[in-house]
There are 2 protein chains.
Amino acid sequence: MLISTKGRYALRVLIDMAEHSGSEYIKLKDIAERQEISEKYLESIVKQLVKNKIVTGLRGKGGGYKLSKAPDEINVGEVLRIMEGSLAPVACMEETNLPCPRVGECRTREFWRGLNDAIRRYTDSFTIADLTRSYSADYDYVI
Amino acid sequence: MLISTKGRYALRVLIDMAEHSGSEYIKLKDIAERQEISEKYLESIVKQLVKNKIVTGLRGKGGGYKLSKAPDEINVGEVLRIMEGSLAPVACMEETNLPCPRVGECRTREFWRGLNDAIRRYTDSFTIADLTRSYSADYDYVI
DNA sequence: GTTTTTCATAGTATAACAGTATGTTGGTAT
DNA sequence: ATACCAACATACTGTTATACTATGAAAAAC
């Protein structure tokens, strides 16, 4: 499993913020209820997003979280990499890891590199805006 | 991490067999030594490959394992799926899992489906033959 | 100064990973 | 026949990650 609940929940939180905030702070309790995810667990997830400047927190009454950037400025691949640490499909494709001692005789390295690239290309091609429900497309507008 | 040592080692074993066997049985001990992997651990991996008809085992002296099919008939994606159980990047993309109860309101499903497809397309586009060192390409031929 | 919300730290049950250990079965060579 | 060899089978183990829960401190609004 490449993506754990951390990455999946993070995307849902960001989409929720993009869909519900009008430059207002939203409290985690609301998001947790809408998304049916434990608020306490979400705290640990959102903390990571704050640390990486994806969202901004404000304490106290009327506080909460909001996106630090516009939804179309938030890259999905970057978010997933923050939450999962890495999206490398194998250990030898993680930048932090020192090169494999068998690299000289390895028959599979290029195969893994290609898979790594495919995953990165795909995930990096989406923004949070791409994942929000298009307002005009399916909103039943009624006066 | 999408791929564990099970999947990585399985590919190395199959490549080793493809490169060293001339329709002969190779004993695990030799593969384990060449690949510098615990023979005992490899046993558990090869057992899976036998069960799935990727390799064939023969007991006793002169016995060992060999590929059940030609290297270019063995699909890398299939091998990885056998070893890892699934290559789905998220739980909701596993065929065996029952559909997510939030599917109606899920904003991320199509994103995950796309990632799942990208991984499957890539891994299914390789055979073991693609991963073996091409004999003619870089062998220093000397009389 | 009380309420509200984020922020911070610590703990916990479960499962998967990456093996190890011991023994059995079935072929081969002598 | 029997000694040997290598696959086959089952059970166990240490470590790490996952997916949380619990308790409390800090700051902002009222």
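Per chain, numbering begins at 1; letters A, B, ... match sequence-line order.
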Rounded off to whole Å, could you give me the [atom1]-to-[atom2] distance for the [X] and [N] pair?
X	N	atom1	atom2	result
Q48(A)	dC20(D)	CD	C1'	16 Å
I45(B)	dC8(D)	CD1	P	15 Å
L42(A)	dA19(D)	CG	P	13 Å
M1(B)	dT16(D)	CE	C1'	12 Å
I37(A)	dT18(D)	CD1	P	17 Å
E39(A)	dT23(D)	CD	P	15 Å

Using only heavy-atom distances, decide whether a donor-acceptor pair under 3.5 angstrom links the side-chain of K29(A) to the base of dT4(C).
-> no
Side chain to side chain, V79(A) and L49(A), heavy atoms closer than 4.5 Å | yes
Does a side-chain heavy-atom distance below 4.5 Å link I31(B) with M17(B)?
->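 Result yes, sub-4.5 Å side-chain heavy-atom pair found.
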Side-chain N or O of [X] versus OP1/OP2 of [N]: is the shortest distance under 4.0 Å?
X	N	value
Y41(A)	dT18(D)	no
K27(A)	dT5(C)	yes
S38(A)	dA19(D)	no

Pick base, sugar-phosphate or nothing for [X], based on heavy-atom distances below 4.0 Å to the nucleic acid.
X	answer
G64(B)	sugar-phosphate
K6(A)	sugar-phosphate
V46(B)	nothing
Y65(B)	sugar-phosphate

Would E84(A) and S4(A) count as having a side-chain donor-acceptor pair, cut-off 3.5 Å?
->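 Per modelled atom types, E84(A) and S4(A) side chains form a pair under 3.5 Å.
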Choosing from [options], which nucleotide comes nearest the side chain of [X]?
X	options	result
K61(B)	dA29(C), dC20(D), dT4(C)	dA29(C)
K40(B)	dA8(C), dA9(D), dA28(D)	dA9(D)
R59(B)	dG24(D), dT5(C), dC8(D)	dC8(D)
S4(A)	dA18(C), dT9(C), dA19(D)	dA19(D)

Toward the 5' end of DNA chain C, which comes first, R8(B) or K47(A), by nearest nucleotide?
->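 Comparing both residues, the 5'-ward one is K47(A).
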Residue closer to the 5' end of DNA chain D, Y9(A) versus G60(A) (nearest nucleotide) | Y9(A)
Upstream residue (5' side of DNA chain D) when E43(A) and T5(A) are each assigned their closest nucleotide | T5(A)
Evaluation steps, side chain to side chain contact (heavy atoms under 4.5 Å, CB included), between Q35(B) and Y9(B) | CA-CA 9 Å; Q35(B) 299 294 327; Y9(B) 290 178; over 6 Å; no
So with a 6.0 Å cut-off around NZ of K69(A), is the heavy-atom count from everything else above 12?
->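 Yes - once you tally the heavy atoms of other residues, nucleotides and ligands closer than 6.0 Å, there are more than 12.
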